[in-house]
Amino acid sequence: EHLVFKGSAKMSQHELSEYAEATGTLLNAYTSREHTSYYFQGRRDNTEKLVEILADVIQKPDLSRYSYIYSYIWCIIDPLLYNIKLMQLQ
């Protein structure tokens, strides 16, 4: 879920971070067993812009940087490999 915060067609990761910091906006996401949730928490007068940005990053995430995807894959695979090694030692 956090790959969407790497930017979109309209906003780079840097621009997204700068916007969030300049406006005091919290950008976050989480995945539970049954759903993934994305949310922005910011000022009420900024709601329209936040909905526009959220829709953009979800619908058109910038996944062109292979290295980001690769690093996230290893964040998942590495602990699995570690657990397999532990199981083999037992």
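Index from 1, following the sequence.
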- Between the side chains of S8 and D56, is a donor N or O closer than 3.5 angstrom to an acceptor N or O?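 Side-chain D/A pair, S8 to D56: present.
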- Query: Is there a donor in the side chain of S17 and an acceptor in the side chain of H14, or the other way round, less than 3.5 Å apart?
  - Reply: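 No, because no side-chain N or O of S17 sits under 3.5 Å from a partner of the opposite role on H14.
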Can you give me the closest heavy-atom contact between [X] and [Y], atom names plus distance?
X: K6; Y: Q13; value: O-CB, 3.2 Å
X: E15; Y: K10; value: OE1-O, 3.9 Å
X: V4; Y: I58; value: CG1-CA, 4.3 Å
X: L27; Y: L16; value: CD1-CG, 3.8 Å
X: Y39; Y: A29; value: CE2-N, 4.4 Å

- Message: Using 0.5 Å steps for rounding, measure from the CG atom of N46 to the CD atom of E52.
- Response: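 Going from the CG atom of N46 to the CD atom of E52 covers 10.5 Å.
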- Rounded to the nearest 0.5 Å, how far apart are CE of M11 and NZ of K60?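 It comes to 14.0 Å.
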- Quick one: do T23 and R43 satisfy side-chain contact (heavy atoms from CB on, under 4.5 Å)? Show the steps, please. CA-CA 8 Å; T23 60; R43 294 189 327 258; 4.2 Å; yes
- F40 side chain reached by I53 side chain, heavy atoms, under 4.5 Å: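 Yes; the side chains approach each other to less than 4.5 Å.
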- Query: Does the side chain of Y30 reach to within under 4.5 Å of the side chain of T36, using non-hydrogen atoms?
  - Reply: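 Not touching, per the 4.5 Å side-chain cut-off.
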- Considering the options V51, D45, L50, which one meets the side-chain contact (heavy atoms from CB on, under 4.5 Å) requirement together with T47?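 Answer after filtering V51, D45, L50: V51.
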